[in-house]
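A short write-up of the structure that comes next.
Computed from a predicted model, the values in this text were never measured in an experiment. Protein chains get the first letters and strands the later ones, always in sequence-line order, with residue 1 at the start of each.
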Amino acid sequence: MEIVLSAAIGVLAASGAWLLMRPRSFQVIVGLCLLSYAVNLFIFAMGRLTVGAPAIMPKRGFVNPDAYADPIPQALVLTAIVISFATTALFLVVMIAARGFTGSDHVDGQERAP
Amino acid sequence: MSRTARLVLFFAALLVAVPLGILGLIGLPSFGHHVSTYGDVVDAMGTDLRHVTNMVALVTFDVRGFDTLGEEFILFSAVTGVTMLLRGDRGEGTSADPVRIPHRRREGRSEAVTGTARWLGPMTLLFGIYVTLHGQLTPGGGFQGGSIIAAATLLIYLGEGYPAWRKIVRSVLLDLSEAAGVGIYLVAGLVPLLAGATYLENILPLGEVGSLLSGGLIPILNAGVALAVAGGFCSIAIEFLEETREPNEDET
């Protein structure tokens, strides 16, 4: 489980970093998305990788923290997902506007001279 | 700067960064293992302190409630930016015709899709409201419920087409929902100040554990977030889909 998840995070982060360095603005945005997925998964994994441990408590009685998930990473990732959705939409709009102004989707605003 | 100078600078920086990085990685707890005692304390004391059973909602809306306020403002400003840049001065009047792409056939909508969307739409909306209202008891809350509500309105677009969707889901309603959501969060935080408590302090009656009206301030903040998220997501979808429409004849 740990190996699979850490490999997945590594692949996501590497693809995101590679896409961030591409010259097309759409690739940069997809790269940012992949990087944020990687970071979200990494934070999520900090709360203990077990199956069947919810963050929902019984109504009363003693609570053994080992039997339940850590709610802090889940709460952090929950808000981060919503923020990244909204900011990605904003990035896309800015990209569309920039393309309308410059006529090119190169991150420098113009194609590099040959 | 010449290529050689850049390479020298790069390797000099690498000489410092790599040992420091390795030094930082030594002593980290192994991946997937639990480190925080903060979460354990919240798990152990949360139900007694705030009478809620969903600890994620407790962290989002009570323990770290102030962070969620900042998150609400980020969402609000991002949605405002999208709307300002895309809406322009075009207004709401857009035609039913999507932009034609050469060599792509336009298929009509199948009756099965319309029928399924008509069944699923109201049920999805109901489920979104359910998830929002039970945010402090079961997995879910304002963020998840708001997204489900936004998805329910998108089912109208899928089943009935763009004009019907725009007729039911007005931009002014979405703006209102977005602003009201953030406003509820802001004002719900200010009210405890009048009673002499700190900002966003949970001083409302906490109710019985496991009932719908438990948790004091948490269900109110949940509802605010659900309104903001549903309005925000839906207006982002509407603004983007408006870009795919042919302009009307009377428009330029």
Can you say whether A:I96 sits under 4.5 Å from chain B via the side chain, the backbone, both, or neither, judging by heavy atoms? side chain
Is B:L58 close to chain A through its backbone or its side chain, or both, or neither, when contacts mean heavy atoms under 4.5 Å? neither
As an exercise, state the distance from CG of A:L90 to CG of B:L85, rounded to the nearest 0.5 Å. 7.0 Å
Step-by-step side-chain contact (heavy atoms from CB on, under 4.5 Å) determination, B:L75 to A:F85: CA-CA 9 Å; B:L75 177 70; A:F85 176 83; 6.0 Å; no
What part of A:A69 lies closer than 4.5 angstrom to a heavy atom of chain B: side chain, backbone, both or neither? backbone
For B:F61, is it the side chain, the backbone, both or neither that has a heavy atom under 4.5 Å from a heavy atom of chain A? neither
With a 4.5 angstrom heavy-atom cut-off, which part of A:F44 approaches chain B: side chain, backbone, both or neither? neither
Name the member of B:A57, B:G141, B:P139 that forms the most heavy-atom pairs with chain A at distances under 4.5 Å. B:P139
Considering only heavy atoms, which portion of B:V42 lies under 4.5 Å from any heavy atom of chain A: side chain, backbone, both, or neither? side chain
Between chain A and chain B, going by a 3.5 Å limit, which atoms form donor-acceptor pairs, if any?
residue, atom, partner, partner atom, Å
A:L49, N, B:G32, O, 3.2
A:A55, O, B:M55, N, 3.0
A:M57, N, B:T53, O, 2.8
A:D70, OD2, B:S36, OG, 3.1

Just checking B:F240: does its CZ atom have more than 12 heavy atoms from other residues, nucleotides or ligands closer to it than 6.0 angstrom? yes
Side chain, backbone, both or neither: which part of A:I3 has an atom under 4.5 Å from a heavy atom of chain B? neither
What distance do B:F143 atom CZ and A:I81 atom CD1 have between them, rounded to the nearest 0.5 Å? 10.0 Å
Heavy-atom pair count under 4.5 Å with chain A, highest-scoring of B:I74, B:V63, B:V82: B:V82
